[in-house]
Amino acid sequence: MKVDSAKICLIFREMADFLSIKGENPFRVRAYERTAETLEHLPGDLEELHRGGRLADIPGIGKGMLEKIDTILNTGRLPAHEKLKAEIPEGVRELLFIPEIGPKTVKLLHGTAKVANISDLEQFVKSGKLRDLPGMGAKTEENILRGIRLYRTSRARILLGKALPIVEEIVAELKNKASTWIERISPAGSLRRGKETIGDIDILVSSANSHPIMDAFVQLSPVEEVLAKGETKSSILTRQGLQMDLRVVLPDSFGAALQYFTGSKPHNINLRERAIKRGLKINEYGVFTQSGEKLGGKEEEEVYNLLDLPLIPPELREDRGEVEVAEAGKLPKLLENPEIKGDLHVHTQASDGTASIEDLIEKAKEKGYEYIAICDHSSSLRIGGGLSEKMLLAQIREIRNINCHLTDFQLLAGSEVDIKKDGSLDYPDDILKQLDIVVAALHTGFKQDEKTITDRVVKALQNPFVRIFAHPTGRLLGEREPYAIDLDKVLEVAKDKGIWLEINAQPQRLDLTDVWVMEAKKRGVKLAINTDAHNLQGLDLMTFGVVTARRGWLESSDVINTVPLEDLLKNLR
DNA sequence: GCCGTTTTCGGCCCGACTGTTTTCAGTCG
């Protein structure tokens, strides 16, 4: 029997929640959470990894968890889980997801007040009965009702690409309103780590005087509601329903605080445990000896150095082995934006884009590129204004013609060729061979089963003219799940055929994902970071692709569009 | 439940803010 790995992760998540509601040892709860977290980010087939004994090497997965994984893989169920699930109604677990409500409150609500779901809770609070419970007063009533509202409306994470401009605006306004007091300012949290989606936004400021900054913060123009205001920490809710936390620390602690608030949480826990082993203590104010002597904290790098580590780039701080690799002095020299020499997947107004070739060239030159590949859609993709064979041939001629007049820059004639339902390509080979670069992609048949889709892609990648497989999983964050594709198999074929996999830089795609990027690198498969731009501004999305590459530990040598034009052309021949 | 260069038992990251409390528990990140 084949057990869905998402189902296994859910079982461990639910175990953690159930046990926390029951008031179990929080460390035991954390062990389940940690296992779920680890399994969720594991590339490859869980069952295969388990049979190969590879799970046993992962920190945090011990004998007990291995046995449970084994049980689930063999039987599809976990008895302990089923017992708890029968005991705790589904709606009760959901109470945990409401902000301001934690395991203790859920236990109280369910155990004493027999509240079984969110609407129960709402009624219970509105009827005034909540106040009869110990420790519950008027403010808590208000907070819980707001929490319910928040949970029902806007608790979804937002795209990195959406969060970034909002943060830039807020930082600018704050700088403007409290410039006298702000020494340094930086976003922190998952935004700084470049995660594809952001929950809350964290901003860190160093200053000798926090009061005027806090005052300015809670009066910023996007503020809808002030959730908390203190001397070092304040939280607000923006009109878009986004929570934003501001922390203010003294200048001598800026580095330690930035490290601390950048996270991730598991990364920080790892560092702190490491500190303890060295007789040190880390908090957001600095690194201290046991006797309380401060050793550093002004710069982030000091924190790492005091733990005998080099500075670890924020994108790597996910507790995926970065601390151990840093200790061994083997951190990758991560890809940087200026190393990108061109963009190999760009649309024009000939299909569903809005930019002209001329404008694209100008913009690309401004960005310091040496080349871009024009890759409009192929004929069968009617919705994307796909080019007929005749139109494509005309575009190729146009591109060759324009190239005659270009110096220090070259257009590549390409196409984003649709992989049809049977795995054949949308243009015949005698057309494909006239192109400089062929980017193959799926745009239809997303509901096919895993074997059908994988076979289809594998067949397409066998075509000798295909060089790039675009947006390999087809996911659209928050809109569409990835199609069922066996990426393991795709990587194998890509390695064999010298196909480059795309990191599509569109913020709602970021496809491949960081963990699969890392896996591709491990397997020796090269990546192409492309914007898939449909307008001029679209070319600026490259930075999101680079961030994803960095989160996948890529160096410039892992990425094909870091090579100069001449080498790229050699490669394409 | 995990883990071990002081430990196979007894720890397990650390602090801010809030609300309901007269000294602290719960939640959050």
Side-chain angles (χ1 to χ4, degrees), chain A residues 12 15-16 19-21 23-38 55-69 80 95-109 130-144 146-147 150 188-193 198-204 210 214 226-236 243-249 253 256-257 259-288 303 307 319:
Chain A
F12 283 103
M15 281 297 286
L19 292 171
S20 78
I21 292 170
E24 261 287 347
N25 178 351
F27 298 102
R28 192 173 163 219
V29 173
R30 203 185 106 198
Y32 281 96
E33 274 169 358
R34 195 175 172 194
T35 300
E37 193 85 23
T38 302
L55 296 183
D57 301 334
I58 299 175
I61 298 186
K63 198 161 159 267
M65 292 301 183
L66 275 179
E67 269 174 23
K68 291 183 174 66
I69 292 171
L95 296 176
L96 269 184
F97 307 150
I98 296 174
E100 315 265 357
I101 293 187
K104 296 281 161 58
T105 311
V106 172
K107 188 177 182 188
L108 181 70
L109 287 168
L130 183 79
R131 294 191 198 194
D132 301 339
L133 297 179
M136 300 284 159
K139 272 289 192 182
T140 310
E141 257 180 12
E142 208 178 293
N143 286 341
I144 288 182
R146 179 181 57 214
L150 268 180
S190 50
L191 184 97
R192 182 163 181 251
R193 300 200 310 279
I198 311 296
D200 302 336
I201 290 176
D202 300 296
I203 297 172
L204 178 70
S210 77
M214 290 305 184
V226 179
L227 300 174
K229 184 173 177 238
E231 197 166 325
T232 67
K233 180 189 170 186
S234 294
S235 295
I236 56 115
Q243 186 177 330
M244 200 167 305
D245 297 338
L246 178 71
R247 306 290 294 233
V248 181
V249 296
S253 295
Q259 194 293 312
Y260 179 67
F261 293 115
T262 297
S264 65
K265 196 165 155 183
H267 174 86
N268 284 355
I269 290 175
N270 196 334
L271 286 192
R272 280 157 188 244
E273 284 169 353
R274 192 178 167 87
I276 291 170
K277 280 185 199 140
R278 285 170 167 65
L280 301 172
K281 189 180 85 158
I282 313 177
N283 57 28
E284 54 261 61
Y285 302 109
V287 181
F288 300 85
V303 176
L307 299 175
D319 199 25

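First the proteins, then the strands, lettered A, B, ... as listed; each starts at 1.
Contact between the side-chain N/O atoms of S235(A) and the OP1/OP2 oxygens of dC28(B) is not found at any separation under 4.0 Å. An OP1 or OP2 oxygen of dG29(B) is reached within less than 4.0 angstrom by no side-chain nitrogen or oxygen of R247(A). At the phosphate of dC13(B), neither OP1 nor OP2 sits under 4.0 Å from any side-chain N or O atom of N268(A). Neither OP1 nor OP2 of dT18(B) sits under 4.0 Å from any side-chain N or O of N143(A). In terms of phosphate contacts, K281(A) brings a side-chain nitrogen or oxygen within less than 4.0 Å of OP1 or OP2 of dG15(B). Distances shown here put every side-chain N or O of K233(A) at or beyond 4.0 Å from the OP1 or OP2 atom of dC17(B). One finds a side-chain N or O of T232(A) lying less than 4.0 angstrom from the OP1 or OP2 phosphate oxygen of dC17(B). Using a 4.0 Å cut-off, no side-chain N or O of R272(A) falls inside it from OP1 or OP2 of dC13(B). OP1 or OP2 of dG1(B) lies within a sub-4.0 Å distance of a side-chain N or O belonging to K68(A). The shortest distance between the side-chain N/O atoms of T140(A) and the OP1/OP2 oxygens of dT20(B) is below 4.0 Å.
Here, dT18(B) and dT23(B) have their C1' atoms 15 Å apart, quoted to the whole Å. Nucleotides dG1(B) and dT8(B) place their C1' atoms 14 Å apart, quoted to the nearest Å. The gap from the C1' atom of dG19(B) to that of dC9(B) amounts to 38 Å, rounded to the nearest Å. Taking the P atoms as reference points, dG11(B) lies 25 Å from dA16(B), given to the whole Å. Nucleotides dG26(B) and dT22(B) place their P atoms 14 Å apart, quoted to the nearest Å. The same atom, C1', is picked in dT27(B) and in dT20(B); the two are 14 Å apart, to the nearest Å. dT21(B) and dA25(B) have their C1' atoms separated by 9 Å, given to the nearest Å. Going from the C1' atom of dT7(B) to that of dC17(B) covers 36 Å, rounded to whole Å.
Considering only side-chain atoms of N283(A), the nucleotide from dG1(B), dC17(B), dC14(B) that sits closest is dC14(B). Taking the side chain of A31(A) as heavy atoms from C-beta on, and the options dC2(B), dC14(B), dC3(B), the nearest nucleotide is dC2(B). Distances were taken from every side-chain heavy atom of Y285(A) (C-beta onward) to each of dA16(B), dC12(B), dG29(B); the shortest belongs to dA16(B). Of all nucleotides listed (dC13(B), dC17(B), dG1(B)), dG1(B) comes nearest to the side chain of M65(A). With dG15(B), dG26(B), dG29(B) as the candidates, the nucleotide lying closest to the side chain of K104(A) is dG26(B). For P99(A), whose side chain is taken as the heavy atoms from C-beta onward, the closest listed nucleotide among dG26(B), dC28(B), dC13(B) is dC28(B). Nearest nucleotide to the E284(A) side chain, out of dG26(B), dA16(B), dC17(B): dA16(B). Distances were taken from every side-chain heavy atom of A228(A) (C-beta onward) to each of dT18(B), dC13(B), dG29(B); the shortest belongs to dT18(B). Residue K139(A) places its side chain closer to dT20(B) than to any other of dC14(B), dT20(B), dG1(B).
Nucleotides of DNA chain B nearest to I101(A) and G137(A) differ in position, and the one nearer the 5' end is that of G137(A).
Residue K265(A) is in base contact, counting any heavy-atom pair closer than 4.0 Å across all strands shown. If you check every strand for non-hydrogen atoms under 4.0 Å, P26(A) touches nothing. Across all strands, L271(A) comes closer than 4.0 Å to no nucleic acid atom at all (heavy-atom distances). Residue contacts for P134(A): at a heavy-atom cut-off of 4.0 Å it reaches no nucleic acid atom on any strand shown. Among the protein residues, A138(A) comes within range of the sugar-phosphate backbone only, with heavy atoms under 4.0 Å from sugar or phosphate atoms but none that close to a base. When heavy atoms are screened at a 4.0 angstrom cut-off, S234(A) is found touching no nucleic acid atom at all. Within the nucleic acid shown, R34(A) has no heavy atom closer than 4.0 Å to any nucleic acid atom.
In this structure, CG of L96(A) is placed 13 Å from C1' of dG26(B), rounded to the nearest angstrom. If you take CD of E141(A) and P of dG26(B), they are 19 Å apart, rounded to a whole angstrom. The nearest whole Å value for the distance from the CZ atom in F288(A) to the C1' atom in dG15(B) is 12 Å.
Nucleotide dT8(B) forms a pair with no other nucleotide shown, judged by Watson-Crick or G-U wobble geometry with both contacts under 3.5 Å.
Between the side chain of R193(A) and the backbone N or O of T262(A) there is at least one donor-acceptor pair closer than 3.5 Å.
For the pair T35(A) and M65(A), the tightest heavy-atom approach, listed with the atom from each and the gap, is OG1-CG, 3.5 Å.
The residue from I101(A), I21(A), T105(A) that alone fulfils the side-chain contact (heavy atoms from CB on, under 4.5 Å) condition with L96(A) is I21(A).
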